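See below for the structure under consideration.
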Amino acid sequence: MTDHERRQDTEPAPLRRIDRRTNGEIGPTERLAMNRTGSFDWDLDARTLDIDDAGLAVFGVDPASFDSRPGALVERLEPAERARLDVTIDEAVTGGSNSYNVHFRVPLDDGTIQWTHVQARILRSKDGKAHRIVGVVRDATAEVTHSAFVLDLEKRRQRQTNIVERTTSAMSRAVTVDDVTAALTGPGGLARLGADGLALGLVENSALNIVALSGESLEALDGLGSGDLERNLPLADAIRSGRPRFITSLAALARRYPVLEPHLGRLGFRAAAYLPLVAQARSLGGLALFYRERTVFNADERILCLGLAAIVAQSLQRAMLFDEEREFATQLQSAMLPPRIQDIEGGEIAVRYHAAWSGRQVGGDWYDVIALPKNRYGLVVGDVQGHDTHAAAIMGQLRIALRAYAAEGHPPATVLARASRFLSELDTDRFATCTYAQVDLATGAARVVRAGHLGPLIRHADGRVGSPQVRGGLPLGISTEFGDEEYPETRLDLVPGETFVLYTDGLVEEPGADLDTGVEALRNEVSAGPAGAEALADHLSDRLWERWGSGDDVALLVLRRSPDVGSSQAPRLHQYIHQADPEGLSDARAIVRQALADWDMADFADDAELVTGELLVNVLLHTEGGAVLSLEVLPEPVRRIRLSVQDRSSAWPRRRTPGETSTSGRGLLLLDAVATRWGIEPRGEGKAVWCEIGPAPPPATAPAPAAAEQVPPAGQR
């Protein structure tokens, strides 16, 4: 077929109507109409228009009735079209232009609309005034119609290109199968696919499992989704045959799949595409796309649907492989961590582990709880350098070695030194950081060492959180290479109700912020979280793991010493005051005053607060460690306060006789004046100074603390 024949085949309807009106007999007027091009000469001064018969035929005007008035040609135009034509001409004439061209629509007698094109030249006098307009007028219907068709075709192709590009972009960011389903069903998912509904099914053990639904879909109806792959349903049929099914009417759908006929009234779509998902000759499942307005699938639309299915299939194959690799890596990592944490006497312990989501690239973070002689426990949290299976393998060996050294009864410093030597002898370029603590829950004593790792946090019974200054050494492996295996111990005391928190850096590394910001956020969450170890571990895991993301592994260990609150008749509290905490002394005084108010003993608050300050100052100034403050109510034989301050120094305080100008030495004198009874008694490695405030008990019933130095009231000395 020639180009001319093609143009005739696509000739607009008005020309074909002329032929039908004349029954094939084309006369002179019709020949002019077929030409559809005429010329005109418009005299602006005389306001007359000279136009040939062909030009009049373009406007559908009989030459015998035309009276040379320009307005006679535009009378039949719609007001809006007439106004647009007038504005175009007026702007060209008054604006100094030498030409203009304009397209406008002309209603014809047979009820059709003709696109008309005028191209004119404006003739002006020497002074620039327009006096004549000459030009051509032609029927541009075929041209405009063809142009509109091309534009519409281009729009459709651009839309299809956009669908493919947006879907490809969304699928390229999907890592797991869950990511794929989220991209399909999340915000903008249906718009990206150009559909009104979808269903995604995966083949699992010869069964179809619908994993994603969005919008209007057949599989959302009861009993038509997941199930036997052999059922005579469209999506299962497409998967079994490996061929797409394009449905363009519900009647055709019911004829092909009779089981669906009772459900036709509940369906809101008119067309559907059921597409098998195949990647590397493996049938993964099927994708169903549903459309409310479409009633036909042309060749381009079918190709588009098949292209979308290919994109989704490739993404699913990649995601399934990732999930399989991730499961393998996670199982490997889990096998190298303790399968369970034993219950401990005198406290509760909780651990949490989160693996980074980066395929098989797992990390070397670990935790451990080691039972030691004399009801002590070794607590470990560490991190092997790197994020791969080799790091996980090194972690497993190092964890077992460190556990063995600790179980042999070595002190913490020796345990880390031997662990560093073990890692160096593995002939690997990896190093590891860790924090190790030996904790005696009976006394609360904790001996802590660090190897290039973050120090612990301690949550006090009142919710305050401290960061004790724990001295540290070089990372394991590096310390041996440099010949510096010294790991100094730091002694901490956990009073009843306090919580000990160990963690790896993945919990506090915030993208775009320094480490101190993350540590401060952790401190705030530890303070705001619940008291129990399990509940606090869940709180930290939920808040911080989701906040930072999953770029690194996280190991978390939380140990809480069982609280000692006494009873309603004899309540107790315990508070540790760290030597390096400048606010600890004022906090302790406030805690004592608040506790006595809560216990209905506010009358003794002034004396108790004064004694608390004196005893704590003596410890913080004259010893090398912190102090444990204990406050309790003694209900029998009379209700009174017992206050005790314990430290790790074996040197007992001496009573002195200060001069009038002395600035110290009056602590025991104040204690003697305020307390009803007081004394000193040994406690483990140190001592405790205690006193009683309140009414003195009868002498016969006043108990004397065992193995303590009794100091009688001043009036009896």
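All figures in this text were calculated on a predicted structure; none of them were measured in a lab. Excluded from the calculations below are hydrogen atoms, water molecules and symmetry mates; all remaining heavy atoms, backbone and side chain alike, are included.
Between A608 and L596, the closest heavy-atom pair is CB-CD1, 3.6 Å. Between G529 and L536, the closest heavy-atom pair is CA-CD1, 4.0 Å. Nearest approach of V508 to V519, heavy atoms of both residues: CB-N, 3.9 Å. Across all non-hydrogen atoms, the minimal contact from R640 to P695 is CD-O, 3.7 Å. Closest of all the heavy-atom pairs between Y503 and L556 is CB-CD1, 4.2 Å. Contact record, G455 with R450: CA-CD, 3.6 Å, taken as the closest heavy-atom pair.
For Q594 and D598, the side-chain atoms include at least one donor-acceptor pair closer than 3.5 Å. In this structure, a donor-acceptor pair under 3.5 Å is present between the side chains of Q438 and R376. In this structure, a donor-acceptor pair under 3.5 Å is present between the side chains of E485 and T480. Side-chain N/O atoms of S467 and R523 include a donor and acceptor closer than 3.5 Å.
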**Asked** Could you walk me through whether I641 and L634 pass the side-chain contact (heavy atoms from CB on, under 4.5 Å) check?
**Response** CA-CA 6 Å; I641 299 300; L634 302 178; over 6 Å; no

**Request:** Please test R421 against E481 for salt bridge (charged side-chain N to carboxylate O under 4.0 Å, His left out), starting from the C-alpha separation and ending with a verdict.
**Result:** CA-CA 9 Å; R421 202 169 307 136; E481 294 295 328; over 6 Å; no

**Asked** So V380 and T435, side-chain contact (heavy atoms from CB on, under 4.5 Å) or not? Walk me through it.
**Response** CA-CA 6 Å; V380 189; T435 296; over 6 Å; no

**Item:** Trace of the side chain to side chain donor-acceptor pair (under 3.5 Å) decision for H453 with D383
**Value:** CA-CA 8 Å; H453 201 77; D383 182 5; over 6 Å; no

**Message:** Evaluate S527 against R464 for side chain to side chain donor-acceptor pair (under 3.5 Å), listing each step before the verdict.
**Reply:** CA-CA 6 Å; S527 176; R464 293 185 303 113; over 6 Å; no

**Prompt:** Does the pair F604 and L643 meet the rule for a side-chain contact (heavy atoms from CB on, under 4.5 Å), with working shown?
**Reply:** CA-CA 12 Å; F604 305 113; L643 190 148; over 6 Å; no

**Message:** Between T490 and Q469, does the side chain to side chain donor-acceptor pair (under 3.5 Å) criterion hold? Intermediate values first, please.
**Reply:** CA-CA 8 Å; T490 300; Q469 301 300 313; over 6 Å; no

**Request:** Apply side chain to side chain donor-acceptor pair (under 3.5 Å) to Y367 and T504, showing your working.
**Result:** CA-CA 9 Å; Y367 61 84; T504 55; over 6 Å; no

**Message:** Before you tell me yes or no, could you show the steps for L494 and T499 under side-chain contact (heavy atoms from CB on, under 4.5 Å), namely the whole-Å CA-CA distance, both residues' side-chain angles and the distance that decides it to 0.1 Å?
**Reply:** CA-CA 8 Å; L494 292 178; T499 302; over 6 Å; no

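Side chains of V558 and I349 form no contact here, defined as non-hydrogen atoms less than 4.5 Å apart. Annotation: side chain of Q397 is in contact with side chain of F422 (closest heavy-atom distance under 4.5 Å). In this structure the side chain of K687 never reaches within 4.5 angstrom of the side chain of E681, judged on heavy atoms. Residues R459 and E498 fail the side-chain proximity criterion, which asks for heavy atoms closer than 4.5 Å. In this structure, the side chains of L372 and Y377 stay at 4.5 Å or more apart for every pair of heavy atoms. No side-chain heavy atom of D368 sits less than 4.5 Å from a side-chain heavy atom of L402. When side chains are defined from C-beta on, L416 counts as touching C434, because their heavy atoms get closer than 4.5 Å. Between L441 and E345, every side-chain heavy-atom pair lies at or beyond the 4.5 Å cut-off.
Distance check, rounded to the nearest 0.5 Å: CZ of R543 to CD of E525 gives 4.0 Å. Between L573 atom CG and L631 atom CG the span is 5.0 Å, to the nearest 0.5 Å. Atoms CD and CG, from E614 and L669 in turn, are 10.0 Å apart once rounded to the nearest 0.5 Å. Taking CD of Q575 as the reference point, atom CG of L616 lies at 10.0 Å (rounded to 0.5 Å). If you take CZ on R560 and CD on E348, they are separated by 6.0 Å, rounding to the nearest 0.5 Å.
Note on R352 versus E534: salt bridge recorded, some NZ/NE/NH1/NH2 to OD/OE distance being below 4.0 Å. Ion pairing between a basic and an acidic side chain is recognised when a charged N comes within 4.0 Å of a carboxylate O; R491 and D493 show such pairing. Salt bridge absent: K374 and D440 never bring a charged side-chain N and a carboxylate O closer than 4.0 Å.
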